[in-house]
S.K.: 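Handing you a structure now.
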2 protein chains.
Amino acid sequence: MKPGPRRSVSQVDIVDAAFEILEQKGFAAVSVRGVAAALGLTPTAIYTYFPSKNALLRAMVEELLSSLDLAAAADTGSAWRERVHALAAALRARIAEHTGAMVLVTSGPLDGRHALGLNETLIAGFMAEGMSQDDAARAAYAVRAHVLGVAALDAAERVDDAETSADTSTAGALWSDAASHPLTEATEHLVSGDAEPSAFVWGLDRLLDGILAGTAAGTAEGRAATA
Amino acid sequence: MKPGPRRSVSQVDIVDAAFEILEQKGFAAVSVRGVAAALGLTPTAIYTYFPSKNALLRAMVEELLSSLDLAAAADTGSAWRERVHALAAALRARIAEHTGAMVLVTSGPLDGRHALGLNETLIAGFMAEGMSQDDAARAAYAVRAHVLGVAALDAAERVDDAETSADTSTAGALWSDAASHPLTEATEHLVSGDAEPSAFVWGLDRLLDGILAGTAAGTAEGRAATA
DNA sequence: ACCTGAACACCGTTCAAGT
DNA sequence: ACCTGAACACCGTTCAAGT
């Protein structure tokens with residue numbers, strides 16, 4: 001408890017404490033001071049481990065991604081389509097687990113070791129299906145985008161439920177007016193986070209249908225008329 | 001300049017001032033105090049127009065979406081695929097225009113009038129192609145997710161370029177080690193924001209291929225084996 | 001090397017008061 | 001109704017100093 005020259009915590013302790021706060025109080029509540037307090041440290045002590053709050057945030061993203069089983073996604077024991085689904089579902093679940101994790105991911109670059117490893121795994125997998133390196137890269141990009149987009153919609157839906165208050169009183173007034181958006185209203189249940197079958201899986205399947213058409217797994221028919 | 005009982009600014013003035021700051025200094029710099037100062041007001045005056053900072057942020061998202069031409073997307077004068085592309089490109093461009101706009105979109109619910117209108121337009125469009133209401137809703141969900149996901153990757157890439165500093169020194173160290181991620185490295189140019197043809201368009205086309213297979217615009221062959 | 005304590009320049013929001 | 005000014009409980013970050 002006294003000043004001592006030896007480290008009293010580790011980088012992962014700090015990241016874990018930050019996740020605890022993220023989960024319980026949301027992204028806005030994640031502060032250097034708060035994390036330090038949770039560990040019984042002074043705010044300035046954190047700067048011994050991370051050069052800035054942003055560096056801590058990036059480390060959190062990396063920890064989030066580190067739990068993805070890239071080895072399983074590279075194991076040709078099962079079909080590529082199934083492996084993509086498993087990987088995508090895992091990534092989506094990781095982001096959905098923590099309140100405000102999507103803001104976290106969006107708040108900075110995705111160039112950490114694990115982020116790049118994920119991309120590498122996806123490209124390699126599509127190439128193994130017979131795609132060119134260029135198209136495989138585009139396909140990997142599309143899959144990453146799809147998962148991130150779904151996570152963004154997940155997050156928007158979640159915070160929507162949480163905010164029942166009068167906070168939304170301005171600049172729109174009669175929003176949820178039932179009659180103005182009948183199709184959205186009628187299909188809301190199909191698209192919510194816990195819908196079964198999930199819109200997430202449906203969309204990913206259609207995307208993979210389009211991507212894999214003409215490859216080993218495809219029907220050798222609708223091969224892309226694109227570059 | 002004196003206290004007077006009459007409004008000296010409007011809600012849109014405030015939103016515009018906030019966008020100015022967002023564009024020039026990023027999301028973190030958007031503060032109630034800063035916006036007020038830019039308008040020559042006291043921070044507390046803002047609370048006459050918006051009940052909270054979050055309400056101001058939501059109004060910004062709505063203004064962002066208000067510029068989308070939903071009428072053009074509903075005009076059957078051109079092919080549905082082309083209209084989806086135009087709408088998706090416009091939405092992506094709106095988010096890409098302002099630094100930190102993605103964090104803005106992710107930081108709260110997407111239940112504004114214009115957000116719902118966009119969804120409504122997409123569902124109606126897919127139904128006009130012969131899809132069931134349920135599948136059309138799932139298709140609209142997938143398209144929204146794709147655009148948001150691409151915007152998230154755009155944003156991550158942009159902030160990556162901006163951050164050349166030692167900020168990234170911890171918890172990874174030799175990240176951009178060329179050899180560890182050869183595929184990502186070799187295909188980076190295909191996936192960057194200004195690549196031609198863009199990975200965004202490629203991915204959206206594959207998604208639409210998968211979605212529209214079997215409909216009026218499709219080949220009546222690979223109709224989904226899914227629910 | 002790791003930590004504290006004080007300090008600087010900020011935040012969002014509330015409240016009483018003025019016109 | 002619209003605005004100010006003071007106040008409360010916070011921020012991230014820097015710097016000198018202790019062990």
Side-chain angles (χ1 to χ4, degrees), chain A residues 1-15 17-18 21-22 24-60 100 103-104 107-108 159 163 165-171, chain B residues 1-15 17-18 21-22 24-60 100 103-104 107-108 159 163 165-171:
Chain A
M1 249 121 163
K2 280 293 170 62
R6 270 282 155 261
R7 56 191 151 70
S8 62
V9 297
S10 67
Q11 290 203 22
V12 289
D13 288 333
I14 295 175
V15 171
I21 296 173
L22 180 72
Q24 292 179 357
K25 304 189 185 177
F27 182 77
V30 177
S31 68
V32 174
R33 295 174 115 104
V35 172
L39 293 168
L41 290 177
T42 262
T44 47
I46 302 292
Y47 289 86
T48 303
Y49 299 86
F50 298 96
S52 68
K53 181 187 179 179
N54 194 51
L56 168 58
L57 260 31
R58 288 322 100 213
M60 290 175 73
V103 205
L104 181 69
S107 69
V159 72
E163 273 174 26
S165 63
D167 213 37
T168 52
S169 62
T170 23
Chain B
M1 248 121 163
K2 279 292 171 60
R6 271 283 157 259
R7 55 188 152 72
S8 62
V9 298
S10 68
Q11 291 202 22
V12 288
D13 288 334
I14 295 175
V15 171
I21 296 173
L22 180 71
Q24 293 178 356
K25 304 188 184 178
F27 182 76
V30 177
S31 68
V32 174
R33 295 174 115 104
V35 171
L39 293 168
L41 290 177
T42 262
T44 47
I46 302 292
Y47 288 85
T48 303
Y49 299 86
F50 297 96
S52 68
K53 181 187 178 179
N54 194 51
L56 168 57
L57 261 28
R58 289 320 101 214
M60 292 176 73
V103 204
L104 181 68
S107 68
V159 71
E163 274 173 26
S165 62
D167 213 39
T168 52
S169 62
T170 22

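Lettering of chains follows the sequences in order, A, B, ..., and the numbering in each one begins at 1.
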S.K.: Would you kindly give the NZ-to-P distance between B:Lys53 and C:dC10, to the nearest whole Å?
M.R.: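 Interatomic distance, NZ of B:Lys53 to P of C:dC10: 15 Å.
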S.K.: Do A:Met60 and A:Leu57 come close enough that some side-chain heavy atom pair is under 4.5 Å?
M.R.: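 Yes - at least one pair of side-chain heavy atoms lies under 4.5 Å apart.
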S.K.: Once you round it to whole Å, what is the distance between P of D:dC11 and CD1 of A:Ile46?
M.R.: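 After rounding, the reported distance stands at 13 Å.
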S.K.: Considering just the side-chain nitrogens and oxygens of B:Tyr49, establish if one lies under 4.0 Å of OP1 or OP2 belonging to D:dC3.
M.R.: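 For B:Tyr49, the contact criterion (side-chain N or O under 4.0 Å from OP1 or OP2 of D:dC3) is met.
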S.K.: If I compare all heavy atoms of A:Asn54 with all of A:Ser107, which pair ends up nearest, and what's the gap?
M.R.: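 Heavy atoms only, the tightest pair is OD1-O, 4.2 Å.
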S.K.: What is the separation between atom CZ on A:Phe27 and atom P on D:dG12, rounded to the nearest whole Å?
M.R.: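 Taking atom P of D:dG12 as the reference, CZ of A:Phe27 is at 10 Å.
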S.K.: Can you tell me if the side-chain N/O atoms of A:Thr48 get under 4.0 Å from OP1 or OP2 in C:dC2?
M.R.: no
S.K.: Measure from CD1 on A:Ile21 to P on D:dC10 and round the result to the nearest Å.
M.R.: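 The distance from CD1 of A:Ile21 to P of D:dC10 comes to 13 Å, rounded to the nearest Å.
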S.K.: Rounded to the nearest Å, what distance is computed from the CG atom of residue A:Leu56 to the C1' atom of nucleotide D:dT13?
M.R.: 14 Å
S.K.: Looking only at the side chain of A:Ser31 (C-beta and beyond, no hydrogens), which of the listed nucleotides D:dT14, D:dC11, D:dT4 gets closest?
M.R.: D:dC11
S.K.: For A:Leu39 and C:dC2, what is the distance between atoms CG and P respectively, to the nearest whole Å?
M.R.: 15 Å
S.K.: Please find the pair of heavy atoms, one from B:Ile21 and one from B:Ala29, that lie closest to each other, and give the distance.
M.R.: CG2-O, 3.5 Å
S.K.: Check this for me: does the side-chain of B:Thr44 come within 3.5 Å of the base of D:dG5 through a donor and an acceptor?
M.R.: yes
S.K.: Can a side chain N or O of B:Ser8 be found less than 4.0 Å away from OP1 or OP2 on D:dC3?
M.R.: yes
S.K.: Using atom P in both nucleotides, what's the gap between C:dA9 and D:dC10 to the nearest angstrom?
M.R.: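 Between the two P atoms, the distance is 22 Å.
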S.K.: So which atom in B:Ala17 and which in B:Val35 form the shortest heavy-atom distance, rounded to 0.1 Å?
M.R.: CB-CG1, 4.2 Å
S.K.: With respect to the side chain of A:Ser52, which nucleotide from C:dT13, D:dC3, D:dT13 is positioned closest?
M.R.: D:dT13
S.K.: Flag the pair A:Tyr49 / A:Val15 as yes when at least one side-chain heavy-atom distance between them is below 4.5 Å, and no otherwise.
M.R.: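 A side-chain contact under 4.5 Å is absent here.
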S.K.: Please give, in whole Å, the distance from C:dG12 P to A:Lys25 NZ?
M.R.: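 Result: 19 Å.
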S.K.: Using a 4.5 Å cut-off on heavy atoms from C-beta on, say whether the side chain of A:Val32 contacts that of A:Phe50.
M.R.: no
S.K.: Between A:Arg33 and A:Pro43, who's closer to the 5' end of DNA chain C by nearest nucleotide?
M.R.: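 Looking at the nearest nucleotide for each, A:Pro43 comes out on the 5' side.
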S.K.: Which string of ( ) [ ] | and . matches DNA chain D, if you list each base 5' to 3' and count Watson-Crick or G-U pairs only when both distances are under 3.5 Å?
M.R.: ||.|||||...|||||.||
S.K.: Can you tell me if B:Thr42 touches the phosphate of D:dC3, counting only side-chain N or O atoms and a distance under 4.0 Å to OP1 or OP2?
M.R.: no
S.K.: Rounded to the nearest Å, what distance is computed from the CG atom of residue B:Leu41 to the P atom of nucleotide D:dA1?
M.R.: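 The distance from CG of B:Leu41 to P of D:dA1 comes to 18 Å, rounded to the nearest Å.
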S.K.: Atom NZ in A:Lys53, atom CG in A:Leu56: separation rounded to 0.5 Å?
M.R.: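 It comes to 8.5 Å.
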